[in-house]
Protein chains: 2
Amino acid sequence: MENNSQTKLSTGSISKAIERGMVFSDKCPSREIFKHVTNKWGLLALVALLGGTLRYSDLRRKLQGVSEKMLSQTLQTLEQDGFIIRTAYPVIPPHVEYSLSEMGKEIAIRMETLVDWIEINLPNIMKYKSKIQ
Amino acid sequence: MENNSQTKLSTGSISKAIERGMVFSDKCPSREIFKHVTNKWGLLALVALLGGTLRYSDLRRKLQGVSEKMLSQTLQTLEQDGFIIRTAYPVIPPHVEYSLSEMGKEIAIRMETLVDWIEINLPNIMKYKSKIQ
DNA sequence: TTTGATACTAACTTTTTTGTATGTACTTGT
DNA sequence: ACAAGTACATACAAAAAAGTTAGTATCAAA
């Protein structure tokens with residue numbers, strides 16, 4: 001009764017050794033990581049940090065509409081995943097900087113690719129949607 | 001009181017004409033599209049269909065754990081976005097096929113890139129997470 | 001002395017997403 | 001007669017995500 005049948009898709013873009021399909025199974029931890037980087041604030045934080053180090057308050061201003069709670073939460077999960085590096089300077093008032101790790105950069109540029117594609121194609125998508133109502 | 005200040009990130013990967021930042025503003029419709037393709041079942045449907053046309057019942061089997069409601073819903077939103085093409089044959093019992101449109105293929109391969117990266121790097125990510133607890 | 005800036009946390013509520021259970025329509029097989 | 005397979009829809013419930021509000025600590029400036 002296990003659900004780990006892995007149909008081979010053979011799209012050729014992943015090494016044969018992995019044979020994707022883990023992602024098709026429910027409890028695969030990659031889904032969690034995927035969620036962390038694709039959710040609204042996670043995505044924006046990663047893309048924002050592609051432009052370089054920012055401190056907490058910078059991110060608050062940049063990610064318009066983010067609450068302090070959501071920003072903290074987002075940064076913490078991405079830090080725990082190893083995508084974001086947090087550097088706290090022990091001064092008063094507090095000074096905390098956030099930047100992308102190497103892994104963070106790698107995933108962020110892939111996210112950016114997706115976002116760019118959507119932004120560029122948005123007019124076509126919207127046009128299509130309006131046509132079919 | 002409008003929130004459309006667009007800080008230029010100059011990551012160089014999007015055409016200057018667009019100057020990203022729309023995605024940073026809350027009501028940007030690209031966020032909706034993004035959600036449709038990055039949510040659990042949307043992602044899996046797109047990647048599954050990269051392997052070729054599938055009918056409803058095939059997708060049900062492939063996307064293990066998906067309910068009929070969630071599958072219908074997912075396929076409908078992706079169809080409305082213009083990523084998936086639905087072809088119904090007027091026979092009994094019903095026969096409906098789903099495939100990717102050209103736009104669907106373009107976005108699906110980008111999604112696949114992301115998923116592949118995560119799957120390949122998952123061991124490192126997990127190792128990192130276990131180290132920092 | 002009150003306010004403001006910094007970077008948060010904690011409790012709680014609202015909203016959104018996801019899932020479950022059931023129903024529909026039509027035909028073939030038993 | 002009745003279950004099975006097909007591709008859905010609809011009402012409802014559960015779970016998860018997101019947002020709100022208030023509070024913490026410390027110092028400096030007004």
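Applying the ring pair (Phe, Tyr, Trp, His ring centres under 6.0 Å) rule to pairs touching residues 86-128 of chain A yields A:Y89-A:H95, sequence neighbours excluded. Annotation: salt bridge (Lys or Arg N to Asp or Glu O under 4.0 Å) contacts involving residues 75-85 of chain B, sequence neighbours excluded, comprise A:K129-B:D81.
Taking side-chain N and O atoms only, B:K40 has no distance below 4.0 Å to OP1 or OP2 of C:dT17. Regarding contacts with the backbone of D:dG5, every side-chain N or O of B:S57 stays at 4.0 angstrom or more from both OP1 and OP2. In terms of phosphate contacts, B:W41 brings no side-chain nitrogen or oxygen within less than 4.0 Å of OP1 or OP2 of C:dT17. The phosphate of C:dT6 has neither OP1 nor OP2 within less than 4.0 Å of any side-chain N or O from A:R55.
Between the side chain of A:N121 and the main chain of A:N124, no donor-acceptor pair closer than 3.5 Å is present. Formation of a donor-acceptor pair under 3.5 Å by the B:E119 side chain with backbone atoms of A:S30 is not found in this model.
Within residues 76-88 of chain B, the residues approached by DNA chain D to less than 4.0 Å at the level of any non-hydrogen atom are B:Q76, B:R86, in residue-number order.
A:H95 has its NE2 atom 18 Å from the P atom of D:dC27, to the nearest Å. Atom-to-atom, CZ of A:R60 to P of C:dA7 comes out at 11 Å; the value is rounded to the nearest Å. The interatomic distance linking B:L71 (CG) with D:dT6 (P) rounds to 13 Å, in whole Å. Taking atom CD of residue B:E32 and atom P of nucleotide C:dT16, one finds them 10 Å apart after rounding to whole Å. Atom C1' of nucleotide C:dT9 and atom CG of A:L75 are separated by 14 Å, given to the nearest angstrom. Counting to the nearest Å, the C1' atom of C:dA11 and the CD atom of A:Q73 are 14 Å from each other. Rounding to whole angstrom units, CG of residue B:L63 and C1' of C:dG19 are separated by 15 Å. B:E97 places its CD atom 14 Å from the P atom of D:dT6, with the value rounded to the nearest Å.
For the salt bridge (charged side-chain N to carboxylate O under 4.0 Å, His left out) test, residues two or more places apart in sequence or in another chain that qualify with A:E32 are A:K35. Annotation: salt bridge (charged side-chain N to carboxylate O under 4.0 Å, His left out) contacts of B:R86 (sequence neighbours excluded): none. Legend: residues meeting side-chain contact (heavy atoms from CB on, under 4.5 Å) with A:S101, ordered by chain and number and at least two apart, are A:I85, A:M103. For B:T113, the side-chain contact (heavy atoms from CB on, under 4.5 Å) criterion is met by A:R110, not counting sequence neighbours. The side-chain contact (heavy atoms from CB on, under 4.5 Å) search around B:S57 returns B:R55, B:R61, not counting sequence neighbours.
If you check every strand for non-hydrogen atoms under 4.0 Å, B:Y89 touches nothing.
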Once base and sugar-phosphate atoms are separated, protein heavy atoms under 4.0 Å mark nucleotides 20-30 of chain C, 5' to 3', with B, S and - as B-----BS---
